[in-house]
2 protein chains.
Amino acid sequence: MKHGQIEALKQLALAGAAKGHTDITSSELGKSMGVSQQTASNRILELVELGMLTRETVYRRQRIRITDKGLAVLRKEYMDFRRLFEAYDRLTITGEVATGSGEGRYYLQQNEYRKQFERILGSTPFEGTLNLRVKGREAGKLTLLESLDGILVNGFKSEGRTFGDVNCFLAAIRDKKCAVIIPLRSHHRGIVEVISTQRLRDVFNLDDGDFVAIDIDVSSKA
Amino acid sequence: MKHGQIEALKQLALAGAAKGHTDITSSELGKSMGVSQQTASNRILELVELGMLTRETVYRRQRIRITDKGLAVLRKEYMDFRRLFEAYDRLTITGEVATGSGEGRYYLQQNEYRKQFERILGSTPFEGTLNLRVKGREAGKLTLLESLDGILVNGFKSEGRTFGDVNCFLAAIRDKKCAVIIPLRSHHRGIVEVISTQRLRDVFNLDDGDFVAIDIDVSSKA
DNA sequence: ATTACTATATTTCGAGTAT
DNA sequence: TATACTCGAAATATAGTAA
């Protein structure tokens, strides 16, 4: 099915052919679509041929109704856009508490990062990260999260080393404010790293293997 | 702006370029659009040229983000569809009580019509119509109503005369169930004709010139 | 007025291919 | 692997026009 056909269906629907009927000329339809009368006429013929419109002539105009088949096409388009514009802005990922490599602690000790995390969390961050290992369905959410733009934490150079940009999302674990950090130039490791103002293992008395759900605000921007 | 461009924008948005970014190849985009790699590549170039996308190269893939300008185009499309699928199903028209030509009463005396109106109202209709004259903005609503498909009341022949099809909508005046009838082959006269099981002038003590609001259920179908 | 046909003009596509 | 160029082919739009 061509795009011009869907556009014609849409214009006819907007003119009232979806709920009832519309009496329209091919010139008028062409004008609303930004094409010629001839092209519009063709569209109507094509759509009738496809069984998406019914047509009768009334007072030299075409009385057009969109059939259920035509309506289904429009509804599919609509659903695509709904997915786009009515997507959630919260994401909950559940993971298993795991012991990290100590890398997170090393990063949190870097003053350039600390200053920026402090602005995000509202207070000095604890010098370490909580690592949550995610698997299966939850890993898909992590992939999604990695594609989103959150709060950008700028990289820097220090002691001859390069520290890269970090993507950051505000989040909460059982209403305790925290943040998920995602190094921008790293590959997927199935680990969610969480920072907070306190040591989360202590706050919630967590041990390796405990499952924790984290609510992430994916709408958070710089 | 071409349709192919809007389709490309939509596909990129669905791939995540609206909320964040998507790393995609021109082949992949082409596949999702049902066009070749070359065409998809062209679309991306065109959209960048139009300022609707930003692009950088990451790991031999194109990291694409939709700009606010691109998002505006998608949002406009979405709004068109929303108008289509989230339209009201009630319409209130206010009109002035007027004395009709007596035609309504004549129609209501025809047994073929009476039987069908009785099925619609649930009980025998009163042998007459209440005429409401509508003007200005309200007249526009009447035009809209005339374009909708309601409950079809079939025409017939009797005493050598042809009685045409009538379009009918369930309605209510101050919670009193009634119906609006619209002869299918008549021209707009700025009059809403209302039938009910009782004489509405008596029920509400109406005189010519009184204003009455009628709530019409435009979703009512045969 | 219309619709819609035919013929021509224009656009768009994608295979081949350089980078 | 990619992207993106050229160019011949295919598809599409429109002008002119008949009914």
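Side chains included, hydrogens not; waters and symmetry mates left out as well; all remaining heavy atoms used. Chain identifiers are assigned alphabetically (A, B, ...) following the order of the sequence lines, protein sequences preceding nucleic acid strands; residue numbering begins at 1 within each chain.
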Salt bridge between [X] and [Y], side-chain N to carboxylate O under 4.0 Å?
| X | Y | answer |
| --- | --- | --- |
| K10(A) | E77(B) | yes |
| K115(A) | E118(A) | no |
| E28(A) | K31(A) | no |

Nearest-0.5 Å distance that lies between atom [atom1] in [X] and atom [atom2] in [Y]:
| X | Y | atom1 | atom2 | answer |
| --- | --- | --- | --- | --- |
| R82(A) | D80(A) | CZ | CG | 12.0 Å |
| R75(A) | L71(A) | CZ | CG | 5.0 Å |
| L170(A) | I216(A) | CG | CD1 | 11.0 Å |

Once you round it to whole Å, what is the distance between [atom2] of [N] and [atom1] of [X]?
| X | N | atom1 | atom2 | value |
| --- | --- | --- | --- | --- |
| R63(A) | dT2(C) | CZ | P | 17 Å |
| N42(A) | dT6(C) | CG | P | 11 Å |
| I24(A) | dA4(C) | CD1 | P | 14 Å |

- Taking 5' to 3' order, which nucleotide of DNA chain D is first and which is last to have an atom within less than 4.0 Å of a heavy atom in chain A? dT12(D) to dG16(D)

- Specify the residues of residues 2-15 of chain A, ordered by number, for which at least one heavy atom lies under 4.0 angstrom from an atom of DNA chain D. K2(A)

- Note on the structure: Note: contacts of residues 45-53 of chain A with DNA chain D (heavy atom, under 4.0 Å) are none

- Query: Contacts to DNA chain C from residues 29-40 of chain A, heavy-atom cutoff under 4.0 Å, which residues?
  - Reply: Q37(A), Q38(A)

- Message: Contact between L91(B) and F169(B) at the side-chain level, heavy atoms closer than 4.5 Å - yes or no?
- Response: no

- Message: Is the shortest side-chain heavy-atom distance between L53(A) and I66(A) below 4.5 Å?
- Response: yes

- Message: Below the 4.0 Å mark, does dA4(C) have OP1 or OP2 next to a side-chain nitrogen or oxygen of R55(A)?
- Response: yes

- Message: Tell me whether the side-chain N/O atoms of S41(A) come closer than 4.0 Å to OP1 or OP2 in dT3(C).
- Response: no

- Message: Show, in sequence, the C-alpha distance, side-chain angles and deciding distance for E7(B) and Q11(B), and conclude whether the side chain to side chain donor-acceptor pair (under 3.5 Å) test is met.
- Response: CA-CA 6 Å; E7(B) 180 64 19; Q11(B) 291 299 335; 3.0 Å; yes

- Item | Whether over 12 other heavy atoms sit under 6.0 Å from R65(B) CZ | yes

Kindly say whether [Y] contributes a backbone atom to a donor-acceptor pair with the side chain of [X] at under 3.5 angstrom?
| X | Y | answer |
| --- | --- | --- |
| T22(A) | A15(A) | yes |
| D165(A) | G155(A) | yes |
| N131(B) | I191(B) | no |

- Stepwise salt bridge (charged side-chain N to carboxylate O under 4.0 Å, His left out) test for E138(A) and K141(A): CA-CA 5 Å; E138(A) 300 296 301; K141(A) 294 184 188 174; 3.3 Å; yes

- Taking only residues two or more places apart in sequence, or in another chain, which ones meet F211(B) in a ring pair (Phe, Tyr, Trp, His ring centres under 6.0 Å)? none

- Query: Given axes from five pairs at either end, by how many degrees does the helix from dT2(C)-dA19(D) to dT19(C)-dA2(D) bend, rounded to 10°?
  - Reply: 40°

